[in-house]
Amino acid sequence: MPLLEVARVEDLPPGTSTEVIVGVDTYVVCNHEGTLHALDGICPHRNGPLGAGNYADGMLICPYHGWEFSCVTGEYDRNPDVKLKKFPVKVKEGLIYILA
Ligand code: FES
């Protein structure tokens with residue numbers, strides 16, 4: 001499982017998210033109330049780029065059709081069986097890494 005450097009901690013304050021593209025893989029990393037979460041960045045509906053959408057109140061909002069996913073659990077708000085994959089996050093020396 002490679003460790004991917006995705007952002008600087010200071011660039012992702014609470015209440016923000018960012019899209020991370022590594023090769024052919026897309027992730028979204030969000031900071032919910034000071035805790036970082038990394039998730040699959042592609043919407044399971046029709047492949048919308050979740051990291052390019054809005055992030056509000058802990059929810060990632062797909063820019064294509066508005067499906068909303070919890071940044072904390074990865075669950076789609078209308079059907080928790082539809083869930084984004086989550087990835088472990090590490091912070092070291094001011095940098096955020098995900099294990100993907
Ligand atoms: S592609 Fe994300 S809501 Fe449709």
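Computed over heavy atoms, backbone and side chain alike; hydrogens, waters and symmetry mates excluded. Read the numbers this way: they start at 1 and go in the same order the structure lists the ligands and their atoms.
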**Prompt:** What are the atoms of ligand 1, with element, lying closer than 4.0 Å to any heavy atom of Tyr64?
**Reply:** 1 (S)
**Request:** Kindly give the atom name of the N, O or S atom of His45 closest to atom 4 (Fe) of ligand 1.
**Result:** ND1
**Request:** Would you indicate whether the side-chain heavy atoms of Cys62 and His45 approach each other to under 4.5 Å?
**Result:** no
**Prompt:** Near Gly48, which atoms of ligand 1 are under 4.0 Å from a heavy atom of that residue?
**Reply:** 1 (S)
**Protein contact of atom 1 (S) of ligand 1 - nearest heavy atom, named by residue and atom, plus distance** = Arg46 N, 3.2 Å
**ligand 1 atoms in contact with Cys62 (distance to a heavy atom under 4.0 Å)** = 1 (S), 2 (Fe), 3 (S)
**Request:** Count the heavy atoms belonging to other residues, nucleotides or ligands that lie under 6.0 Å from CG of Asn79, then report whether that count exceeds 12.
**Result:** yes
**Prompt:** How long is the span from the CG atom in Leu4 to the OH atom in Tyr27, to the nearest 0.5 Å?
**Reply:** 5.5 Å
**Request:** Output the distance between atom CD (Glu10) and atom CD1 (Ile96), rounded to the nearest 0.5 Å.
**Result:** 9.5 Å
**Prompt:** Between the main-chain N or O of Lys85 and the side-chain N or O of Asp40, is there a donor-acceptor pair closer than 3.5 Å?
**Reply:** no
**Message:** Restricting to N, O or S, what is the name of the atom of His65 that lies nearest atom 4 (Fe) of ligand 1?
**Reply:** ND1
